[in-house]
There are 2 protein chains.
Amino acid sequence: MSANNRQAHSPEYYPGHSCEDKASGRLLLDQITDKWSVSILFALCSKPLRFNEIKRCMDGITQKSLTQCLRRLERNGIIARRVIPSSQIAVEYSITPLGRTLEAPFQALFNWTIEYSSDVTLAQAEFDARTTE
Amino acid sequence: MSANNRQAHSPEYYPGHSCEDKASGRLLLDQITDKWSVSILFALCSKPLRFNEIKRCMDGITQKSLTQCLRRLERNGIIARRVIPSSQIAVEYSITPLGRTLEAPFQALFNWTIEYSSDVTLAQAEFDARTTE
DNA sequence: CGGAATCCTCGAAGATACTG
DNA sequence: CAGTATCTTCGAGGATTCCG
């Protein structure tokens with residue numbers, strides 16, 4: 001807001017929040033807006049899924065990446081991991097109440113991609129044409 | 001270098017079913033939810049800024065990363081680049097109408113990080129305690 | 001001032017193999 | 001089935017230099 005002050009080492013250009021909010025906010029965003037997390041969260045929003053079920057949805061993901069992503073989401077309290085004892089090991093992942101609170105913001109972002117994807121595509125084409133000539 | 005040895009990374013389009021929407025949506029999300037784009041967009045929401053002004057805001061960003069990020073945002077039609085002829089070259093970056101439509105979804109996400117950061121921190125502490133013992 | 005061009009590193013992500 | 005354990009590669013990102 002009132003951020004006309006320019007300093008070399010402590011930029012204060014942020015509307016309404018302090019530097020720490022901004023930095024930690026971005027750090028947290030990095031944790032949850034990565035390549036797969038949004039898709040995984042959406043998948044789990046409808047119903048709990050098992051490891052390989054998720055893997056099948058996220059076509060192209062490796063087991064390692066999926067494991068890492070699920071761990072991070074679990075650590076951040078977004079999803080829950082439940083081991084189902086049976087003849088074959090089964091692990092069910094489900095969304096937590098905290099994870100539910102992310103559904104709306106993510107949906108808003110996703111809706112944006114749907115609504116404006118054509119505008120973006122058009123802008124890309126124009127940019128590419130402009131820079132190729 | 002030969003492309004033979006290189007594993008083509010898996011195609012992102014999947015025939016037919018509902019995952020396709022999410023996949024393409026994710027591709028677009030990857031373009032705009034990267035490490036710096038959100039912060040840059042927020043910065044430009046208040047007012048247009050010049051290259052080094054943005055650089056000063058994004059503490060820690062390198063010139064190269066900033067250039068790449070600005071190019072991508074410009075290509076996607078989110079921001080506009082305007083060269084101001086003067087004794088010294090000046091380049092002003094501003095948000096486009098299309099970019100404006102992203103402000104609300106991003107703000108929602110950012111507000112989430114503010115609102116629930118303590119919950120996440122708590123979840124992390126519990127997870128770490130659980131997995132250390 | 002606002003970049004482009006190089007060089008370089010370092011860690012994320014892939015491939016593969018093994019296990020409870 | 002749901003992972004772990006290694007090894008390797010590869011490319012994004014940092015540091016530096018130069019330039020209109």
Side-chain angles (χ1 to χ4, degrees), chain A residues 6 8 26-27 30-37 39-40 43-44 48-75 79-94 127 130-132, chain B residues 1-12 26-27 29-40 43-44 48-75 79-94 127 130-132:
Chain A
R6 293 198 322 180
R26 220 215 56 216
L27 285 179
D30 286 348
Q31 293 268 314
I32 57 177
T33 63
D34 68 295
K35 186 172 183 179
W36 298 106
S37 290
S39 304
I40 292 177
L44 293 183
L49 293 173
R50 289 168 51 176
F51 186 85
N52 280 318
E53 289 178 324
I54 303 176
K55 188 170 187 297
R56 262 174 249 124
C57 288
M58 310 293 126
D59 200 48
I61 199 174
T62 62
Q63 89 294 62
K64 183 181 172 183
S65 302
L66 179 55
T67 300
Q68 288 176 341
C69 194
L70 290 173
R71 285 286 182 281
R72 182 175 53 249
L73 288 173
E74 185 194 0
R75 177 168 186 267
I79 65 174
R81 178 178 184 272
R82 185 169 70 98
V83 177
I84 304 173
S86 65
S87 57
Q88 287 203 119
I89 296 174
V91 178
E92 186 189 80
Y93 291 92
S94 57
F127 181 92
R130 206 184 317 144
T131 53
T132 314
Chain B
M1 48 179 66
S2 117
N4 242 0
N5 208 13
R6 291 247 340 258
Q7 174 67 27
H9 58 57
S10 50
E12 299 287 359
R26 216 215 59 215
L27 284 178
L29 280 184
D30 286 348
Q31 295 269 313
I32 56 177
T33 63
D34 67 294
K35 187 172 182 179
W36 298 105
S37 290
V38 180
S39 303
I40 292 178
L44 293 183
L49 294 173
R50 288 170 50 177
F51 186 86
N52 280 317
E53 289 179 325
I54 303 176
K55 188 169 186 301
R56 262 173 250 123
C57 288
M58 309 295 128
D59 201 48
I61 199 172
T62 62
Q63 174 266 324
K64 183 181 174 184
S65 300
L66 179 56
T67 300
Q68 288 176 341
C69 195
L70 290 173
R71 284 285 182 281
R72 183 175 51 250
L73 288 173
E74 184 194 0
R75 178 169 184 267
I79 66 174
R81 178 179 184 272
R82 185 169 70 99
V83 177
I84 303 172
S86 65
S87 56
Q88 287 203 118
I89 296 175
V91 179
E92 186 189 78
Y93 291 92
S94 58
F127 181 92
R130 207 184 318 144
T131 54
T132 314

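This structure is a prediction, so every number in the text was calculated from the model and none was measured. A note on names: the letters A, B, ... follow the listed sequences, proteins ahead of strands, and every chain is numbered from 1.
- When the side-chain nitrogen and oxygen atoms of Tyr93(A) are compared with OP1 and OP2 of dC1(D), none of them lie within a distance under 4.0 Å.
- As rounded to whole Å, 13 Å separates atom C1' of dC1(D) from atom CD1 of Ile54(A).
- With a 4.5 Å cut-off on side-chain heavy atoms, Ile54(B) and Ile61(B) do not count as touching.
- The CD atom of Glu74(A) sits 13 Å away from the C1' atom of dG3(D) (whole-angstrom rounding).
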(message) Determine whether Arg72(B) and Ser37(B) satisfy the following criterion, side chain to side chain contact (heavy atoms under 4.5 Å, CB included), listing intermediate values before the conclusion.
(response) CA-CA 9 Å; Arg72(B) 183 175 51 250; Ser37(B) 290; 4.0 Å; yes

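- Distance check: Asp30(B) CG to Lys35(A) NZ gives 7.0 Å after rounding to the nearest 0.5 Å.
- In this entry the distance linking CG of Asp34(A) with C1' of dA12(D) reads 16 Å, nearest Å.
- Between the side chains of Thr67(A) and Gln63(A), no donor N or O sits under 3.5 Å from an acceptor N or O.
- The SG atom of Cys69(B) sits 9.0 Å away from the CE atom of Met58(B) when rounded to the nearest 0.5 Å.
- At whole-Å resolution of the value, CD1 in Ile61(A) and C1' in dA13(C) are 11 Å apart.
- Separating the CH2 atom in Trp36(A) from the CG atom in Leu66(A) is a distance of 9.0 Å, to the nearest 0.5 Å.
- Rounded to an integer number of Å, the gap from Phe51(B) CZ to dC19(D) C1' is 15 Å.
- Here the CD atom belonging to Glu74(B) is positioned 10.0 Å from the OG atom belonging to Ser94(B), to the nearest 0.5 angstrom.
- Dashed line: the shortest gap from a side-chain N or O of Arg50(B) to OP1 or OP2 of dC1(C) is not under 4.0 Å.
- Residues of residues 80-91 of chain A having a heavy atom closer than 4.0 Å to DNA chain C, listed by number: Ile89(A).
- In this structure, Glu92(A) atom CD and dG3(D) atom P are separated by 12 Å, rounded to whole Å.
- Just one of Leu49(A), Leu73(A), Leu70(A) meets the side chain to side chain contact (heavy atoms under 4.5 Å, CB included) condition when paired with Tyr93(A); it is Leu70(A).
- For the contact set between residues 63-72 of chain B and DNA chain C, defined by any heavy atom under 4.0 Å, the members are Gln63(B), Lys64(B), Thr67(B), Arg71(B).
- Here the straight-line distance linking atom CG of Leu29(B) with atom CG of Asp34(B) works out to 11.5 Å at 0.5 Å rounding.
- Atom pair Lys35(B):NZ and dG11(C):C1' shows a separation of 12 Å (rounding to whole Å applied).
- Taking CZ of Arg75(A) as the reference point, atom OG1 of Thr131(B) lies at 8.0 Å (rounded to 0.5 Å).
- Computed from C1' positions of five pairs at each end, the angle between the two local axes of the helix from dC1(C)-dG20(D) to dG20(C)-dC1(D) equals 60°, rounded to 10 degrees.
- What separates NZ of Lys55(B) from C1' of dA4(C) is a distance of 15 Å, to the nearest Å.
- With Pro48(A) as the fixed residue, the side chain to side chain contact (heavy atoms under 4.5 Å, CB included) test singles out one of Glu92(A), Arg82(A), Glu53(A): Glu92(A).
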